[in-house]
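The structure appears below as structure tokens.
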Amino acid sequence: MHHFELKSGALHAEAVSLEALAQDVGTPAYVYSSATLTRHYAVLREAVDAHTAALGGPNGGEALIAYAVKANSNLSVLATLARLGCGADTVSEGEIRRALKAGVPASKIIFSGVGKTDAELGFAIDTGVRQINIESAAELDRLIAIAQDRGASPAIAIRVNPKIGAGGHAKITTGGEGDKFGVPVDEAMALYARASASPHVTPVGLACHIGSQITDLTPLEAAFRLLRSMTEELRAEGLSVERLDLGGGLGVPYVGADHASSIAASPAEYVAMAAGVLDGLNVEAAFEPGRLLAANAGILVSRVIQVTERADGRRFLVLDAAMNDLIRPAMYDAFHEVLPVRPRAGAPVAYDIVGPVCETGDTFARGRPMLPVEAGDLVIFAGAGAYGAVMASEYNSRPMVPEVLVDGERYAVIRPRPTLEEMLAREPMADWL
Ligand code: LLP
């Protein structure tokens, strides 16, 4: 459910006309809906709060929702979620700093990632983040040394590699045996015991994240069951396990809700499954959704540069957005619905939808049936709020795509498009040239 709808014949973001917005801000541009972000958080929060007994820890408290900042790290997006009480899952000092600046308290920030530097680990300790998720024995050793230097004992979780990979594409599957993430189960048990014996770290639990754009709950359930049995075993050894970080990964519909391939488990089903698995375990759960909160809260608005018709009947829809602005189709063969902002009458036509970048990879879709469009028309890419702007670049010297946040009738440019002069001014010329 989102707030990008047709009003008086043209698409709006909440109450804002995308035609007027595009006129003002230019294209391409990302546009996010505050109401949609808020709604997505509320739906998940409600689902989690319906299961406090199973997910809220021994005192029946609040399970943490820690938004995966990597999905969309714009400060205004983070601040919108922070004001709702959302925490943050971060993977770099930059993301921790963003979360703090947006108003997420350190006590709700989880620090994950497979290659945290010594400096980043030190920063996380000094900041007093809620928990550092450890991904290897070598990392634990480094953290212990850094914490010892500081006389600290940060809370840690061990991220388990459950040998259960899942997700929408091989490049976003993280839980498989050969993937770089997490500690294999046996090793994780030993590592937990070793960490528990150190005065310089405080193990509080286990973590796992098996992949992204997961639409079937089966692999997630298997991973959660594994965390449960590991918790029971560790406790049987006399070790304390208070928290389970269940990662993110729940998929979202990338096509209209009535499309057969869009059927993903709902947040309520997902949380109910987790609660069922963890029931009676007395652990405090954390969820790390990224895509679930952000994807359908954002679109990419683009203008048609021209329609190129070939003699063989092929039609190229050449847009002013390109793979540097939205890389998911090129990188993961991802599907994003492309819709005209002001639909024209007529029968659907098949287009090859492309951008201006000089490689064939800059193709968003081939032979995609769409209502007819003409040069100068506006189109949107749906489901672009997660892993869109954050993965953008200035490839082909196309200035960084701007971001806009809508809230009811108002909107704000929350990351402006640099001018060409500003883009060039960022590169000091080597002094011998
Ligand atoms: N927690 C951890 C430890 C993660 O690595 C990730 C995502 C998440 C949570 C959030 O996952 P989500 O709920 O968004 O599925 N760029 C790719 C997705 C990469 C996901 C990386 N990790 C894409 O555009 O599909």
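Numbers here simply count residues along the sequence, with the first being 1. Ligands are counted one by one from 1 in listed order, and the atoms in each one are counted from 1 as well.
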Number the atoms of ligand 1 from 1 as they appear, then name those within less than 4.0 Å of a heavy atom of E288, with their elements. 1 (N), 2 (C), 3 (C), 8 (C), 9 (C), 10 (C), 13 (O)
Under the side-chain contact (heavy atoms from CB on, under 4.5 Å) rule, what do E422 and R426 come out as? Steps first, then yes or no, please. CA-CA 6 Å; E422 285 165 345; R426 285 205 310 265; 5.8 Å; no
Taking only non-hydrogen atoms of K171, do any sit less than 4.0 angstrom from ligand 1? no
Pick from H209, M331, Q213: the one approaching atom 8 (C) of ligand 1 most closely through a non-hydrogen atom: H209
A student checking ligand 1 against R159 at a 4.0 Å heavy-atom cut-off should list atoms 3 (C)
For Y387, the option from M331, Q213, R328 that meets side chain to side chain contact (heavy atoms under 4.5 Å, CB included): R328
Does ligand 1 have any atom that is closer than 4.0 Å to a heavy atom of H169? no
Short list, please: which atoms of ligand 1 are under 4.0 Å from a heavy atom of A68? 8 (C), 9 (C), 10 (C)
Ligand 1 contact on Y332 by region, counting heavy-atom pairs under 4.0 Å: side chain
Is P289 close enough to touch ligand 1? Criterion: a residue heavy atom under 4.0 Å from a ligand atom. yes
Checking V252, L246, L44, L250 against P289 for side chain to side chain contact (heavy atoms under 4.5 Å, CB included), the one that qualifies is L44
Pair V271, L55 - check side-chain contact (heavy atoms from CB on, under 4.5 Å), show working. CA-CA 9 Å; V271 173; L55 302 171; 3.7 Å; yes
Which atoms of ligand 1 are found less than 4.0 Å from any heavy atom of G249? 11 (O), 12 (P), 13 (O), 15 (O)
Among side-chain atoms of E233 and T231, is any donor-acceptor pair under 3.5 angstrom? no
Residue-level breakdown please: for R291 versus ligand 1, do any non-hydrogen atoms fall below 4.0 Å on the side chain, on the backbone, on both, or on neither? both
Check for me whether the distance between the ring centres of F364 and F381 falls short of 6.0 Å. yes
Taking only non-hydrogen atoms of D89 and a 4.0 Å limit, the atoms of ligand 1 in range are 1 (N), 2 (C), 9 (C)
Against heavy atoms of M391, which atoms of ligand 1 measure under 4.0 Å? 16 (N)
Say whether T27 and D320, considering side chains only, have a donor N or O and an acceptor N or O under 3.5 Å apart. yes
Charged N to carboxylate O under 4.0 angstrom, R142 versus D118? yes
